[in-house]
Amino acid sequence: MALEGSQKATNFIREIIDEDLRTNKYDGRVYTRFPPEPNGYLHIGHAKSICLNFGIARDYNGLCNLRFDDTNPTKEEVEYVESIKEDVRWLGFDWNDREYYASDYFDQLYEYAIQLIKKGEAYVCDLSADEVREYRGTLTEPGKESPYRNRSDEENLELFERMKNGEFPDGSRTLRAKIDMSHPNMNMRDPVMYRILHASHHRTGDKWCIYPTYDWAHGQSDSIEGITHSICTLEFADHRLLYDWFLDELEIYHPQQIEFARLELSYTVMSKRKLLQLVEEDYVKGWDDPRMPTISGLRRRGYTPEAIRYFADRIGVAKRENMIDVALLEDSLREDLNKRSPRVMAVLRPLKVVIDNYPDDKIEELDALNNPENPNMGSRKIPFSKVIYIEQDDFREVPPPKYFRLSPGNEVRLRYAYIIKCVDVVKDKKSGEVIELHCTYDPETKSGSSQSQRKVKGTIHWVSAAHAVNAEARLYDRLFMIEDPSGDNWRDFINPNSLVVLTTCKLEPSLATAKPQDRFQFERLGYFCVDYDSTPKRFLFNRTVTLRDTWTKIEKAAKS
RNA sequence: UGCCCGGUGGUGUAAUUGGCAACACACUUGACUCUGGAUCAAGGUAGUCGAGGUUCGAAUCCUCGCCGGGCAGCCA
């Protein structure tokens, strides 16, 4: 794929791996994992992590596991594991049979916990959640030791087993690591390893009523799988000390955790909580609404996996927080779509044009290139007749400076057809709105004919009225009006015009057979794809992204 | 106020690990064009958070500051 490999992507993580390879730290192995929690849909930020982890495995002849971090049955659901698998696969990555779950290791984790109890390094604590918080101390003050901290190993073993057997109610006890209540790193102040949760788990059912916490499960899962480089986001950096502590105390294989900065994208939100709120509060129509930064949303919008991977390569990986301009995402998309999309003519906001001097019943079949940049994509015929539609934007009764399109007395070229001249404007008597144009055409100027090489400034797209296919187009724009809508009042910045629906679009007839997810470039307008909900009766197109639009810039500049 | 992590143009990421700050996006201008697209060409924008120090030489090393972020879930 042309988009990939065009950038030699190196970063601090690859440098660490190079060094580990050089010193033979892991016998030449490179083994990563992508560990989503199945409690929501994947978004573009996860795509960065997926491309990082799977990309490293690919480039170093290593492996990357897909591992669901399913240690909290109260939040996780199978629906999410299915969507996650679909998204990772769609992005173009394959974990073969290495589909793992933290819950696969619950038995092993239980055994490990017993080992720690026997070493005197874990204990059953009867403090309530509130009490644990009080005893923990604050950022600046040390905590106090739990009164249950010095139980005998026998008592701990017995109580822990009874916890597992379901003899105690939720929240009544926990298993905690015995480390240091005055440690400057809060994670080391006797962190909870197990909590009691009488909840049934999507994989283990009712087998367990105690569940391991993230800190207790993650590192040991990495170890069991033989991961070499456990790559996670910055907020886990403080946990690395604990990650190392567990592995060292257990004296088991020790992977290394490396943290990088998560992706932030301008004009959108990335937190699962806010994404969920957008869905639940009906700002969007679902997780796969094309305005959502979710993988499923981008897919429905018409993004290609290649574009997303290319984007991931281009943004790099580092430890400083960053805010990537959506323009880079859109540029990555256009780069890909420009090469692969067949071009087609479609009129979004139709304006009727009658060509007065064109014979009433004549129909010509004109040749149009499917992609002028790639002759291999062939050509097609498009019908031309006396009555056509053009874009309302392509006519101005009073043309502004540098306006190259149609206006009274002025000429434009109809793409792949003739040069026409506007001779009359018909307006609605009440509203004064322009409802129809009368033009004449110059028969000497037919496209492809060598007779006339007459040039005009503008070329516009059109669709023959009698042959047009009706369609609905959904024009999407950024979801937020400001670059950084983080903060509590983020809802105030939701773009009210993030979706504009046009129901009277006219398409050239070749589009009649388009199927959901088919992608096209509507000439001069942008890239569009057929929506999943499209039916022959109600033909639906999503605008994936507009073409670069220098005219809008010129116009804006003129106004200011 | 404890601990951890960061600070290079408008935005990201680089800099052969101490050798005269590069690439991409964005922006501006022009060429070309039957897509105001694509393409091509040109251009502006940082002396690398600050102050000291080491050195022939510092974005890279040292010291002291300043600024931003994270951590007090039985969430991950």
Side-chain angles (χ1 to χ4, degrees), chain A residues 7-11 15 35-37 39 69 71-72 74-76 125 127-129 132-134 136-143 170-176 182-189 191-197 210-211 213-215 217-218 232-241 259 261 266 272 314-332 334-335 338-339 343 345 369 371-373 402-405 412-417 419 445 447-448 455-461 483 521-526 546-554:
Chain A
Q7 297 246 337
K8 207 50 273 127
T10 188
N11 56 55
E15 278 170 18
E37 182 188 12
N39 71 340
D69 223 330
T71 56
N72 187 349
T74 63
K75 294 191 175 173
E76 296 147 5
C125 179
L127 254 26
S128 70
V132 168
R133 190 177 316 117
E134 277 172 40
R136 187 155 32 226
T138 69
L139 295 176
T140 51
E141 304 155 39
D170 286 5
S172 60
R173 275 175 235 259
T174 55
L175 183 75
R176 296 226 257 162
S182 57
H183 198 106
N185 181 331
M186 301 291 283
N187 295 299
M188 301 300 273
R189 319 244 263 227
V192 171
M193 296 163 62
Y194 276 98
R195 60 308 201 177
I196 301 173
L197 244 34
I210 56 171
Y211 290 94
T213 57
Y214 166 84
D215 283 313
H218 204 89
C232 62
T233 45
L234 254 26
E235 68 271 27
F236 293 103
D238 286 337
H239 295 245
R240 193 178 57 239
L241 198 56
E259 310 88 19
S266 61
K272 278 187 187 175
R314 300 218 280 172
I315 57 178
V317 179
K319 296 190 78 157
R320 69 183 88 112
E321 277 119 32
N322 58 80
M323 168 76 78
I324 308 284
D325 192 341
V326 259
L328 188 65
L329 214 211
E330 293 176 346
D331 181 76
S332 306
R334 290 191 187 106
E335 180 91 14
N338 177 50
K339 294 195 184 86
R343 269 113 251 231
M345 291 207 283
L369 264 20
N371 189 341
E373 284 176 57
K402 292 191 196 155
Y403 186 81
F404 302 151
R405 283 111 96 149
V412 287
R413 159 142 246 137
L414 292 176
R415 173 135 243 228
Y416 297 124
I419 290 175
T445 59
S447 290
K455 303 259 187 218
V456 284
K457 249 333 199 175
T459 298
I460 64 173
H461 59 278
E483 222 173 272
Q521 184 198 94
F522 287 2
E523 290 216 30
R524 304 208 307 132
L525 298 172
T546 60
L547 255 27
R548 269 199 198 84
D549 185 359
T550 46
W551 168 241
T552 303
K553 274 181 204 161
I554 292 169

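Reminder, nothing fancy here: chain letters follow the sequence lines and each chain counts from 1. Computed from a predicted model, the values in this text were never measured in an experiment.
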Answer with yes or no whether [X] presents, from its side chain, a donor or acceptor under 3.5 Å of a partner atom in the base of [N].
X	N	value
E483(A)	rG10(B)	no
R405(A)	rG36(B)	yes
E141(A)	rU1(B)	no

Specify the glycosidic conformation (syn or anti) of rG53(B), with syn defined as within 90° of 0. anti
What I want to find out is whether E373(A) reaches K339(A) closely enough, with some N-O distance under 4.0 Å, to be called a salt bridge.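 No salt bridge links E373(A) with K339(A).
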Using a 4.0 Å heavy-atom cut-off across all strands, classify T71(A) as base, sugar-phosphate, or nothing.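 If one applies the 4.0 Å heavy-atom cut-off, T71(A) turns out to touch the sugar-phosphate alone, with no base involved.
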What does L525(A) touch in the nucleic acid at a heavy-atom separation under 4.0 angstrom: a base, only the sugar-phosphate, or nothing?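 The residue L525(A) makes no contact with any strand.
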So, T213(A) versus D215(A): side-chain donor-acceptor pair below 3.5 Å or not? no
In terms of side-chain heavy atoms, does H461(A) have a donor or acceptor partner in R524(A) at a distance below 3.5 Å?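 There is such a pair (donor and acceptor under 3.5 Å, judged by atom type) between the side chains of H461(A) and R524(A).
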Do nucleotides 66-72 of chain B as a string where each nucleotide becomes B, S or -: B if the base has a protein heavy atom under 4.0 Å, S if just the sugar-phosphate does, - if no protein is that close. ---SBBB
Going by ring pair (Phe, Tyr, Trp, His ring centres under 6.0 Å), name the residues that satisfy it together with Y403(A), two or more places apart in sequence or in a different chain.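 Applying ring pair (Phe, Tyr, Trp, His ring centres under 6.0 Å) to Y403(A) gives W551(A).
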Rounding to the closest angstrom, what is the interatomic distance between rA76(B) and rU63(B) at atom P?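 After rounding to an integer number of Å, I get 38 Å for this pair.
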Between rU35(B), rG36(B), rU17(B), which nucleotide gets closest to the side-chain atoms of E15(A)? rU17(B)
Tell me which nucleotide among rG37(B), rA24(B), rC75(B) gets nearest to the side chain of K75(A).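 Within the option list, the nearest is rC75(B).
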Helical stems, RNA chain B - three or more consecutive Watson-Crick or G-U wobble pairs below 3.5 Å: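 Stems (3+ consecutive pairs) listed as B:2-7 with B:66-71, B:10-13 with B:22-25, B:27-31 with B:39-43, B:49-53 with B:61-65.
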Interatomic distance where CG belongs to N72(A) and P belongs to rA76(B) [whole Å]: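 Atom CG in N72(A) sits about 5 Å away from atom P in rA76(B).
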Whole angstrom is fine here: how far is it from NZ in K457(A) over to C1' in rG36(B)?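 After rounding, the gap between these two atoms is 9 Å.
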How far apart are the C-alpha atoms of D331(A) and R314(A), what are their side-chain angles, what is the distance that settles it, and do they pass the salt bridge (Lys or Arg N to Asp or Glu O under 4.0 Å) test? CA-CA 11 Å; D331(A) 181 76; R314(A) 300 218 280 172; 2.5 Å; yes
With a 4.0 Å limit, can you tell me whether T550(A) has a side-chain N or O closer than that to the phosphate oxygens OP1/OP2 of rG37(B)?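 Yes.
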Aro-ring/base stack Y214(A)-rA76(B), d under 5.5 Å, angle under 30°: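 Not stacked: fails the 5.5 Å / 30° test.
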